[in-house]
Amino acid sequence: MRWILLVFLGSCSYGILSTFVKSAYAGGFTVQEVTTSQILIGALMLWLVTLCLPGKKAVPLRSWGRLLAVGLPLGGTGIFYYNALQYVPASIGIILLFQFAWIGVLIEAIIERAWPKKEKLLALLFLGIGTVLAGGVLEEGIHSLHPLGIIYGLLSAITYTLFILFSGRVALEVETWKRSAIMATGSVILVLLVYTPAPLFSGALAHGLLIWVLLLGLFGIVIPTAFFNYGMPKIGVGLGSILGAAELPTAVFMSSFVLKEHVSLVPW
């Protein structure tokens, strides 16, 4: 039960992100500045925790390479999802990201060569209905959809699924916090290759962005990465993908009570 709770809390942590991202955008900061700073700060936080904990067992070079590779889809999720939010409403962006739920169950079925149990299929059915209602699709319609937003959103779903899948399967012999820190380092490498280090030196951190990237690093990198690394090996990618749906109600709650956005009866 505790492994399920950890994955659930890690998913809720992701649901908080959209509130902080929208606040950072409202402050005039760019997607490049937000994404690059968040990934770097989050990785530094994880390494700080790792260095303060006991257990100095060396990580084999092969494990380093595999864990850095697992960090690539984590960084990709941030890049794709934050770009999607520039083109489509947040409600639609969340729905696109949430396609990882059925993608994860599908991948698990292929790997294990077994049809999902009826409990998982029923959960996916309720999840699909709830996602459409909570995302406000019935109220907002599809007139605001932008092709790039759809593409970025679906790519974020794929990369998020890959991270969930591999975080529970790769280099399990390495201590959890150290695994998390190395994965986050892989994310840093990808983001710096895509955006270059230039956004880090734009002066944004000294002009108000730092508080947002500290929150984004904590709730977008540290908590979910560590909690998924603890819980995913115990519960599997299928159940983990379904538990990931906790992000959506968390996002709705934060939008209503923190951003003071109107949330009608249907999404609730």
Side-chain angles (χ1 to χ4, degrees), residues 7-43 45 74-101 127 130-137 139-140 144 149 152-153 156-157 159-160 163 184 187 191 199 204-205 207-228 243-268:
V7 175
F8 173 78
L9 292 175
S11 301
C12 290
S13 178
Y14 268 119
I16 297 174
L17 296 183
S18 59
T19 297
F20 298 145
V21 171
K22 292 179 70 174
S23 298
Y25 288 168
F29 304 111
T30 67
V31 61
Q32 294 87 351
E33 291 169 337
V34 172
T35 306
T36 305
S37 302
Q38 173 203 352
I39 296 292
L40 180 60
I41 294 295
M45 288 179 176
L74 177 62
T77 300
I79 292 173
F80 293 135
Y81 184 53
Y82 291 176
N83 272 284
L85 293 178
Q86 292 187 308
Y87 296 100
V88 296
S91 58
I92 302 298
I94 291 175
I95 289 176
L96 293 170
L97 174 62
F98 263 61
Q99 301 312 302
F100 73 80
L127 175 60
T131 300
V132 172
L133 294 176
V137 175
E139 296 174 302
E140 295 187 15
S144 60
Y152 280 132
S156 72
T159 54
Y160 190 44
F163 170 66
S187 300
V191 171
L205 289 173
H207 291 86
L209 180 59
L210 181 59
I211 181 62
W212 298 120
V213 297
L214 285 173
L215 293 170
L216 288 168
L218 177 63
F219 290 102
I221 302 295
V222 178
I223 293 177
T225 305
F227 284 14
F228 283 177
L243 288 170
E247 178 181 347
L248 182 54
T250 304
V252 172
F253 181 88
M254 292 291 289
S255 295
S256 176
F257 290 95
V258 178
L259 295 179
K260 305 301 182 183
E261 294 181 351
H262 172 67
V263 178
S264 65
L265 181 60
V266 172
W268 280 124

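Worth saying up front: this structure is predicted, and the values here are computed from it rather than measured. In what follows, every heavy atom counts, from backbone to side chain, and hydrogens, waters and symmetry copies are set aside.
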Distance from [X] atom [atom1] to [Y] atom [atom2], nearest 0.5 Å?
| X | Y | atom1 | atom2 | answer |
| --- | --- | --- | --- | --- |
| L210 | I41 | CG | CD1 | 6.0 Å |
| L74 | I79 | CG | CD1 | 10.0 Å |
| F228 | Y14 | CZ | OH | 6.0 Å |
| T35 | L40 | OG1 | CG | 12.5 Å |
| L17 | L218 | CG | CG | 10.0 Å |

What verdict does the side-chain contact (heavy atoms from CB on, under 4.5 Å) test give for E33 and V213, after you've listed the backbone C-alpha separation in whole Å, the side-chain angles of each residue and the deciding distance to 0.1 Å?
CA-CA 9 Å; E33 291 169 337; V213 297; over 6 Å; no
Of all the heavy-atom pairs spanning [X] and [Y], show the shortest one and how long it is.
| X | Y | answer |
| --- | --- | --- |
| G208 | F29 | C-CZ, 3.7 Å |
| I221 | A43 | CG2-N, 4.2 Å |
| W212 | F20 | CZ3-CD2, 3.9 Å |
| I39 | S187 | CG2-C, 3.6 Å |
| A157 | L97 | CB-O, 3.4 Å |
| F219 | P224 | O-CD, 3.2 Å |

Please indicate whether Y25 has more than 12 foreign heavy atoms, meaning atoms of other residues, nucleotides or ligands, lying under 6.0 Å from its OH.
yes
Apply side-chain contact (heavy atoms from CB on, under 4.5 Å) to residues V7 and F227 and explain how you reach the verdict.
CA-CA 6 Å; V7 175; F227 284 14; over 6 Å; no
For the backbone of L9 and the side chain of S13, can you confirm whether one donor and one acceptor N or O come within less than 3.5 Å of each other?
no
Going by atom types alone, do Q38 and Y82 pair a side-chain donor with an acceptor below 3.5 Å?
yes
Any side-chain heavy-atom pair of F163 and T225 under 4.5 Å:
yes
Fit a plane to each ring of F100 and Y160, take the angle between them on a 0 to 90° scale, and name the class: parallel (under 30°), tilted (30 to 60°) or perpendicular (over 60°).
perpendicular
Going through the checks in order, is the side-chain contact (heavy atoms from CB on, under 4.5 Å) test met by F8 and C12?
CA-CA 6 Å; F8 173 78; C12 290; 3.7 Å; yes
